[in-house]
Protein chains: 2
Amino acid sequence: MNTRSGVASYTPVPCETACASCDVRALSLCAALRQDDLSVMERVSTVRNLLPDEILIHEGDPARRVYTVTKGMMRLSTILADGRRQITGFLMPGDFLGLADEETTSATVEAVTHSTLCAFARADMNRLLHDHPPLQARLMQFTRAALREARDGQIMLGRLAPVEKLSSFLLMMSTRMEARGLPANPVPIPMSRTDIADFLGLTVETVSRSFTKLRNQQLIRLPDAHHVDIVDRRALAAVAGIDQA
Amino acid sequence: MNTRSGVASYTPVPCETACASCDVRALSLCAALRQDDLSVMERVSTVRNLLPDEILIHEGDPARRVYTVTKGMMRLSTILADGRRQITGFLMPGDFLGLADEETTSATVEAVTHSTLCAFARADMNRLLHDHPPLQARLMQFTRAALREARDGQIMLGRLAPVEKLSSFLLMMSTRMEARGLPANPVPIPMSRTDIADFLGLTVETVSRSFTKLRNQQLIRLPDAHHVDIVDRRALAAVAGIDQA
DNA sequence: CGCCGTATTGAGCACTGTCAATAACAGTGG
DNA sequence: CCACTGTTATTGACAGTGCTCAATACGGCG
């Protein structure tokens, strides 16, 4: 289970740490830095690899590090005393991890798929932010965007019906793929039905039924459980309540 | 409805614009400024008074101004095409308005009660932020806090049962009163049951029934519809799922 | 090929939303 | 001051939706 793949320390050729050849650089926080400033950042960064379901952060842990996701997918979640879980967001390559917290982490963070992250000690990051105003500005933008996303989440959770929630979710996933220059149409859905349920505030069964409904209405096709082919984007958006683009 | 003791226009002496004597200064963004820098801020600020239910911002409007709430209470909301509404948050004195947006506003903002705000042109605020790093830092903290709050909202909306939602809401209101140095025990609830419902993702009827349940369990008393006396805070927190403090 | 975890489907029920009636309340005008 | 009216809150009855429990199907992997 937690078979550490032994890649915690640098590989001989630090391909991932080479910011210059980083494929999420344009999307990530680092885009705010010029080539030469990038090396300053590179010097204080370490790479972290995670296996599926491996836990990176336990809610309540001290917030010692911040990260940029470079590969894979992460989930942010909170678990109530009786085991109920709410997933508050998924992180994809380019996303920043650590926007909400100052001292203590406010969510558990786990890998959905095999993931790679670029880690920074919070103190180092603070110094970088202080020395590079554009970096600070970009972090602010990221935080604002995360706030808007969380509020969209509130709208979805509070006022959408199950099929609407799922439609909204699928469109969001598609949009995020597109934003990363990846194919947006057959959307890969790496997370389990349980994860989707805990994100949408539903049960697994209801999620499954909602998938079936959308399939029966010819709005989507399901090549397999983890790939959704959006057949009628417009109609899907209409079902979603036309929130998302 | 709730006769707030004030009149729209205030005393001849513009008490509200006098930052030096502002009673929410310690709570607000401005706390980051020294006495003399405060005058710079004061010079570019204007006061805005709002009557109950008066609309300050329509979702989609250009985000020309930002505000600090000095009196009263505001609500942030989004309305879906078919009229369903989700309230994503309430703002109280000291709270900053405009954290999430850059170009376009992402929520409608209305006054719950007679409210007073301190307004700044976004351009002016940006200049202030640029010239005063501590102000920038404080804005960042506020944004982070708002993000944590929105995520708490997601948890509440996604995974709590109606009574749990209401308990959680009441405790939150109480906590926020306390944070402002105001009496935390008989909690004033200025907003309507409809507002509460749209915040908690419920219907008015369910909110009302949940109030009744909590009253019947002796956890709260209801002197009137807009005041809640928390009788057993511990038990209420237990019902809430012990999220909030 | 068989096993195990995940996803889907089915049946029944509890809960919450809907619709409707009543009650409390505030503001208005006689 | 009180009756009248419109608004808001509460309560009741009922139905539909989504959850619970249970069975079946699918798919990856040994």
Side-chain angles (χ1 to χ4, degrees), chain A residues 1 3 51-53 80 82-86 112-114 156-167 169-170 188-217 220-228 239, chain B residues 1-5 51-53 75 80 82-86 112-114 156-167 169-170 188-217 220-228 239:
Chain A
M1 31 216 73
T3 26
L51 295 172
D53 295 322
L80 302 183
D82 60 357
R84 283 176 288 181
R85 183 179 70 153
Q86 177 65 42
V112 174
T113 64
H114 179 299
M156 181 213 73
L157 288 163
R159 286 303 179 213
L160 297 193
V163 255
E164 297 174 326
K165 287 180 176 181
L166 185 61
S167 303
F169 169 71
L170 293 175
I189 306 289
M191 67 287 281
S192 70
R193 294 293 189 261
T194 304
D195 281 350
I196 300 176
D198 286 347
F199 179 67
L200 301 181
L202 303 169
T203 59
V204 207
E205 294 90 335
T206 302
V207 168
S208 197
R209 282 184 240 276
S210 300
F211 266 115
T212 305
K213 269 183 199 164
L214 291 177
R215 180 165 49 76
N216 291 345
Q217 291 177 237
I220 60 169
R221 286 192 313 117
L222 289 164
D224 65 281
H226 293 280
H227 292 271
V228 174
V239 172
Chain B
M1 44 150 127
N2 194 343
T3 29
R4 220 63 174 155
S5 59
L51 295 173
D53 295 322
R75 60 170 171 259
L80 301 183
D82 60 356
R84 282 176 289 181
R85 185 179 70 152
Q86 178 66 42
V112 174
T113 64
H114 178 296
M156 181 212 72
L157 288 163
R159 286 301 179 215
L160 297 193
V163 254
E164 295 174 327
K165 287 180 177 180
L166 185 60
S167 303
F169 169 72
L170 294 175
I189 306 290
M191 67 287 280
S192 70
R193 294 293 189 261
T194 305
D195 281 351
I196 300 176
D198 287 347
F199 179 67
L200 301 181
L202 302 170
T203 59
V204 206
E205 295 90 336
T206 303
V207 169
S208 197
R209 281 184 240 277
S210 300
F211 266 114
T212 305
K213 267 183 200 164
L214 291 176
R215 180 166 48 78
N216 290 346
Q217 290 177 239
I220 61 169
R221 286 192 312 120
L222 287 165
D224 65 281
H226 293 279
H227 291 271
V228 174
V239 172

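In this text, all values refer to a predicted model and were calculated from it rather than measured experimentally.
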| note | Which of D/dT20, D/dA9, D/dT11 is nearest the side chain of B/T212? It is D/dT11
| To the nearest 0.5 Å, what is the distance between CD1 (A/I196) and CE (A/M191)? | 6.0 Å
| query | When the distance from CG of B/D53 to C1' of D/dT8 is rounded to whole Å, what number comes out? | reply | 12 Å
| Closest listed nucleotide, where the reference is the side chain of B/A225 and the choices are C/dA7, D/dG18, D/dA9 | D/dA9
| note | Testing D/dG18, D/dT10, C/dT8 for proximity to the side chain of A/V204, the answer is C/dT8
| request: Nearest whole angstrom, please: distance from the P of C/dA7 to the NE2 of A/H227. | output: 13 Å
| Hey, are B/R159 and A/D198 close enough for a salt bridge, meaning a charged N less than 4.0 Å from a carboxylate O? | yes
| request: Can you figure out which of C/dA7, D/dC19, D/dA9 approaches the side chain of A/T194 most closely? | output: C/dA7
| request: Report yes if the side chains of B/F211 and B/I220 come closer than 4.5 Å at any heavy-atom pair, otherwise no. | output: yes
| remark: Whichever of A/R209 and A/P223 has the more 5' nearest nucleotide on DNA chain D, that residue is A/R209
| remark: Ranking D/dC19, C/dT18, C/dT9 by distance to the side chain of A/T203, first place goes to D/dC19
| Among D/dA9, C/dG17, C/dT8, which nucleotide sits nearest the side chain of B/S208? | D/dA9
| task | Between C/dT16, C/dA20, C/dA7, spot the one nearest the side chain of B/T206, thanks. | result | C/dT16
| query | From the list C/dG10, C/dT16, C/dC19, which nucleotide is the closest neighbour of the side chain of B/A161? | reply | C/dT16
